[in-house]
Amino acid sequence: MAIIETLQKAVAAALQHYYGVEMPAEQVQVNTTSAEFTGDYTVVVFPFVKLAKKAPDVVGAEIGAFLKEKVDTVQDFNVIKGFLNLELSTEYWQSFLSELLTNPDFGKQPDNGHRVMVEYSSPNTNKPLHLGHIRNCLLGWSCSKLLEATGNQVVRAQVINDRGVAICKSMLAWQKFGEGATPESSGIKGDHLVGEYYVLFENKSKEEYAAWQKTDAARAVYQAKAKPDQPEDAFFKDFKNNWFNQYSALGTEVREMLLRWEAGDPDTVALWKKLNSWVYAGFDETYAKLGVAFDKLYYESDTYLLGKDIVEDGLKKKVFFRKDDGSVWVDLTDAGMDQKVVLRADGTSVYITQDLGTARKRYDELGCDRVVYVVADEQNYHFTVLFEVLKRLGEPYADGLHHLSYGLVELPTGRMKTREGTVVDADDLIEEVIRVAREQASEHGALDTLSPEEQEDTLRKIALGALKFFIIKVNPKKRMIFNPEESVDLQGQTGPYIQYSGVRINGLMQRVEKEKVDLAPAGSYTNFEDAEKELLKALHAYPDTVKTAAAEYDPSHLANYSYNLAKSYHRFWHDVSVFNADDPAAKAFRLQLSKAVGQVLASGMDLLGIEIPQRM
RNA sequence: GGUCCCGUAGCUCAAUGGAUAGAGCACCUGCCUUCUAAGCAGGUGGUUGCAGGUUCGACCCCUGCCGGGAUCACCA
């Protein structure tokens, strides 16, 4: 904020003037004053005492006097234990407020000419979205909004893992046992239907494995391969993947199906397209409910062969080397990593080959000089390697790549496990939060006069506000415990608490409209109440909060800010009267202040992907 | 075992190296005749995993331990 720079420069000038000390202005620490002291901004004078060779309170008093005289926005100061607290003039705060109100883009930055891609969600097409995808989507969406707000052009991209063994399992199970069921005939949402066949496949496979374990062949394998003293059940648990690849009839069928798919067999491709189309329709519905969207879709089936030219390139540049068997590697041991295959001996791509290829392709085609990959932290190593390799290849965009790594979402009972059926389904969860919101609303009664459509819309906003805030308030890199009961709380540190402060403001604004209140005399109101000053200071901090959240790819900063702003507003609401204020200037000022808070809350919540209802 | 991440109130989470480590939930106590009480005010609750170090000042930076997690495939 410009005021901070002004103060920094003035302090530097004071140091020069009194002590002949040269200090770069940006090294001067200016903090916001904590609530229990008088003042708006605080200069920490400890770093200067050695240079000035005077006691902290003397230095503070001298600099304070200098600032008060030379900087007209500094109205007063006090020094406590080496902290120089500065009070800005009421004129400054008044003009700040009116500037905020005339600037609908307050807190946002102008176009900086960069184009950034934010890649998020990356679902597999063999089952529906779950709680983990929700955290991913909310982070990706909010992050993309933050990047836009800080002046970037953003491309939202989704990579869809639409090929491979997983979807073939669903396809095979549907073919064998589905009897032609469709989403229409079964009344089941497409992604859930396909997911059911995936589960069915896994169950059938489990049965087959159990039966196989009783055969002589299995006994022979156990005798030959088990470690000494290894009990049978432990051995067969470990052996499962080997069995599936070598002995399983279903396994063989799936692999044959995958081969047919890769060969472009028309029937297989048609089946694949049919099931995937059901899944996409299901995903679209879930994304719509979550309020997230994409500008660009990448299908793994289009990109999985990509990246071979970059391997050639890397060989030429001696970044990669070829082993005798023909496989291509990169040696990162000098950077504390391992050697890594980038191309198999048979010439086919591996996971990282694709990512190398798509990174270059995106830069070439879309000019994205920054890419944010929103991917869970289990892939930290993969991205460290990927970025390092691209750097060594001298790719021009290599420094603009960022892995927004987020921690796993766990339940109070522990990790979600597919096998134990503890995975929280995204659609179920959304339905559940809406149900609870409906229950609470009927007790509350505030929505009773709305039309049924408006009621539904409001309930959706409240419910999703609760769910989204609950997830987004946590620092992304931390693992989070998701307690379903707490996620639907509407009181306390929650989305609805913030929405409610916005709703209160909406109510005021409607009344302003109706009663045609004159807001002009606000400027003559100068004797701010504590609650008012607190709000002004909070509003003042908004642009920096947006900047920090964007720079750190961390929406939780903004979530916490929004909560604190809402909290200050609730206190203000309680402490002072707005419409019943005793003088017209106070009334006008409080209405302007409320309007400003409403504007910033709406802006901030929008960056988090949360809507504020008209009433609740 | 190597590398990386996390350990803060009973629980879920905050705290650009700055002042007495803060919120919410839960548990108590108050506040609707006044702009929506989905709100406000107060109380209880802490050796910031442990031990050193750097600094005028450390939850934050450094070192070593302890605990939890992730990852180290010609899988994705």
Side-chain angles (χ1 to χ4, degrees), chain A residues 29 31-34 36-37 42 44 46-47 49-50 56 80-83 85 122 124 161 163-166 241 300 304 323 325-329 336-338 340-355 376-382 384-385 405 407-408 410 412 415 437 440-441 443-446 462 466 470 473-475 477-483 485-487 489-494 496-497 499-501 503-508 511 544 548 552 556-557 559-560 563-564 566-567 569-581 587 590-591 594 615-616:
Chain A
Q29 279 185 65
N31 304 334
T32 50
T33 305
S34 42
E36 63 262 49
F37 300 99
T42 295
V44 184
F46 290 111
V49 296
K50 239 185 295 176
I80 299 168
K81 291 200 296 181
F83 294 93
N85 301 318
S122 351
N124 293 322
N161 301 304
R163 62 164 291 279
V165 124
N241 279 338
E300 201 204 353
Y304 81 112
K323 286 194 177 173
D325 64 1
S327 59
V328 180
W329 293 71
M337 287 172 258
D338 296 323
K340 183 94 189 165
V341 187
V342 293
L343 201 67
R344 292 195 186 98
D346 64 6
T348 56
S349 311
V350 290
Y351 182 46
I352 198 163
T353 327
Q354 282 181 59
D355 276 355
D377 63 7
E378 53 201 8
Q379 295 201 34
N380 283 354
Y381 182 68
H382 169 74
T384 313
V385 170
S405 161
L408 223 62
E410 287 183 26
R415 273 184 85 153
Q440 302 258 332
E443 271 176 45
H444 193 262
I462 295 170
F470 187 75
K473 73 173 181 186
V474 181
N475 184 325
K477 71 179 170 187
K478 286 196 175 182
R479 209 160 39 134
M480 71 169 291
I481 312 281
F482 184 90
N483 186 330
E485 284 168 30
E486 288 175 16
S487 73
D489 276 352
L490 309 179
Q491 279 99 30
Q493 192 182 33
T494 65
Y497 174 95
Q499 289 171 324
Y500 185 53
S501 59
V503 164
R504 285 179 149 173
I505 293 165
N506 289 340
L508 290 182
R511 198 166 151 192
D544 272 346
T548 306
E552 294 180 10
S556 73
H557 280 113
N560 286 306
Y563 169 71
N564 285 323
K567 193 174 162 64
Y569 191 76
H570 282 309
R571 187 161 92 87
F572 161 85
W573 180 278
H574 179 265
D575 286 359
V576 307
S577 293
V578 179
F579 264 92
N580 308 327
K587 177 172 167 182
R590 287 169 191 166
L591 284 167
S594 297
R615 52 187 296 184
M616 61 191 279

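A, B, ... follow the sequence lines: proteins, then strands. Residue 1 opens every chain.
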P atom, B:C32 versus B:A37: distance in rounded Å?
12 Å
When you get a sec, tell me which of B:G18, B:G68, B:U12 is the closest nucleotide to the side chain of A:Arg479?
B:G68
By nearest-heavy-atom nucleotide on RNA chain B, the more 5' of A:Ile352 and A:Ile80 is A:Ile80
Reckon A:Thr42 touches a base, only the sugar-phosphate, or nothing at all at heavy-atom distances under 4.0 Å?
base
Using the P atom as the point on both nucleotides, what is the distance between B:U44 and B:U29, in whole Å?
15 Å
Using a cut-off of 4.0 Å on non-hydrogen atoms, how would the nucleic acid contact of A:Val165 be classed: base, sugar-phosphate, or nothing?
nothing
Would you call A:Glu300 and A:Arg163 a salt bridge, taking side-chain N to carboxylate O under 4.0 Å as the test?
yes
Minimum side-chain heavy-atom gap A:Arg590-A:Val576 below 4.5 Å:
yes
A:Gln491 meets the side-chain contact (heavy atoms from CB on, under 4.5 Å) criterion, sequence neighbours left out, with A:Gln440
Sticking with atom P, work out how far B:G64 lies from B:G1, rounded to a whole angstrom.
15 Å
Ring-on-base stacking between A:Phe46 and B:G18, under 5.5 Å between centres and under 30° between planes: is it there?
yes
Check every strand shown and say whether A:Val474 touches a base, only sugar-phosphate, or nothing at a heavy-atom separation below 4.0 Å.
sugar-phosphate
Pick the nucleotide of RNA chain B nearest each of A:Glu300 and A:Val44; which residue has the one closer to the 5' end?
A:Val44
Please identify each residue that fulfils ring pair (Phe, Tyr, Trp, His ring centres under 6.0 Å) with A:His382, with sequence neighbours left out.
A:Tyr351
What is the distance, to the nearest angstrom, from the CG atom on A:Asn483 to the P atom on B:A26?
12 Å
Taking the same atom, C1', in B:G7 and in B:A21, what whole-Å distance lies between them?
16 Å
Quote, to the nearest angstrom, the P distance that separates B:C61 from B:A14.
15 Å
Pull out every protein N or O sitting under 3.5 Å from an N or O of nucleotides 70-73 of chain B, one pair per line with the distance.
from	atom 1	to	atom 2	distance (Å)
B:A70	OP1	A:Arg415	NH1	2.5
B:C72	O2'	A:Asp338	OD2	2.7

Does A:His557 reach the main-chain N or O of A:Asn475 with its side chain, forming a donor-acceptor pair under 3.5 Å?
no
Can you confirm whether A:Glu36 is buried at CD, in the sense that more than 12 heavy atoms of other residues, nucleotides or ligands lie under 6.0 Å from that atom?
yes
Please state the P separation for the pair B:C13 and B:A9 - nearest whole angstrom.
12 Å
Could you tell me how far apart A:Glu486 (CD) and B:A23 (P) are, to the nearest whole angstrom?
19 Å
Once you round it to whole Å, what is the distance between C1' of B:A76 and NE2 of A:His382?
9 Å
Which stems, defined as runs of 3 or more consecutive Watson-Crick or G-U wobble pairs with both pairing distances under 3.5 Å, involve RNA chain B?
B:1-7 with B:66-72, B:10-13 with B:22-25, B:27-31 with B:39-43, B:49-53 with B:61-65
B:C56 and B:U71, which share atom name C1', separated by this distance in whole Å
42 Å
Atom CD of A:Glu552 to atom P of B:C60: distance rounded to whole Å?
18 Å
Contacts of A:Thr384 that satisfy side-chain contact (heavy atoms from CB on, under 4.5 Å) - sequence neighbours left out
A:Met337
Just how far, in rounded Å, is C1' of B:U55 from NZ of A:Lys50?
9 Å
Validate the cation-pi geometry between A:Arg504 and A:Tyr569: distance from NZ or CZ to the six-membered ring centre under 6.0 Å, angle to the ring axis within 45°.
no
Between A:Glu378 and A:Leu408, is there a side-chain heavy-atom distance shorter than 4.5 Å?
yes
Going by the rule side-chain contact (heavy atoms from CB on, under 4.5 Å), which residues pair with A:Asn241 if we only count those two or more places apart in sequence or in a different chain?
none
No-hydrogen, no-angle side-chain donor-acceptor test under 3.5 Å, A:Ser405 and A:Asn380:
yes
Distance between P atoms of B:C59 and B:G49 (Å, rounded)
10 Å
Is the closest side-chain heavy-atom distance between A:Ser122 and A:Asn161 below 4.5 Å?
yes
Heavy atoms only, 4.0 Å cut-off, all strands: where does A:Pro56 land among base, sugar-phosphate and nothing?
nothing
Base, sugar-phosphate alone, or nothing: which one does A:Asn85 contact when heavy atoms must sit under 4.0 Å apart?
base
Can you see whether A:Thr42 engages A:Asn85 through a side-chain donor-acceptor pair at a distance of less than 3.5 angstrom?
yes
Please report, rounded to the nearest Å, how far the C1' atom of B:C13 is from the CE atom of A:Met480.
9 Å
For A:Asp575, check salt bridge (charged side-chain N to carboxylate O under 4.0 Å, His left out) against everything at least two apart and list the hits.
A:Arg571
Set of side chain to side chain donor-acceptor pair (under 3.5 Å) partners for A:Tyr563, sequence neighbours left out
none
Looking at every strand, decide which applies to A:Val576 at a 4.0 Å heavy-atom threshold: base, sugar-phosphate, or nothing.
base
Could I get the full list of side chain to side chain donor-acceptor pair (under 3.5 Å) partners for A:Asn483, not counting sequence neighbours?
none
For the pair made of CD in A:Glu410 and C1' in B:U12, what is the distance, rounded to whole Å?
14 Å
When you compare the side chain of A:Phe482 with that of A:Ser487, does any pair of heavy atoms fall below 4.5 Å?
yes
Under 4.0 Å protein heavy-atom contacts per nucleotide of nucleotides 37-46 of chain B, with B for base, S for backbone only and - for none
SBSSS-----
Which nucleotide in B:A15, B:U12, B:G24 has an atom nearest any side-chain atom of A:Ile481
B:U12
Short N/O separations, protein against nucleotides 20-22 of chain B, under 3.5 angstrom:
from	atom 1	to	atom 2	distance (Å)
B:U20	OP1	A:Lys81	NZ	3.4

Syn within 90° of 0, anti beyond: B:C32 is syn
Identify the pairs formed between an N or O of the protein and an N or O of nucleotides 7-9 of chain B at a distance under 3.5 Å, and give each distance.
from	atom 1	to	atom 2	distance (Å)
B:G7	OP1	A:Lys478	NZ	3.0

Does A:Lys340 count as lying over the ring of A:Trp329, i.e. NZ or CZ under 6.0 Å from the six-ring centre, within 45 degrees of the axis?
no
Using side-chain heavy atoms (C-beta onward) and a distance below 4.5 Å, is A:Ile505 in contact with A:Trp573?
no
With a non-hydrogen cut-off below 4.0 angstrom, is A:Asp346 in contact with a base, only sugar-phosphate, or nothing?
nothing
Using whole Å, report how far CG of A:Asn560 lies from C1' of B:A15.
9 Å
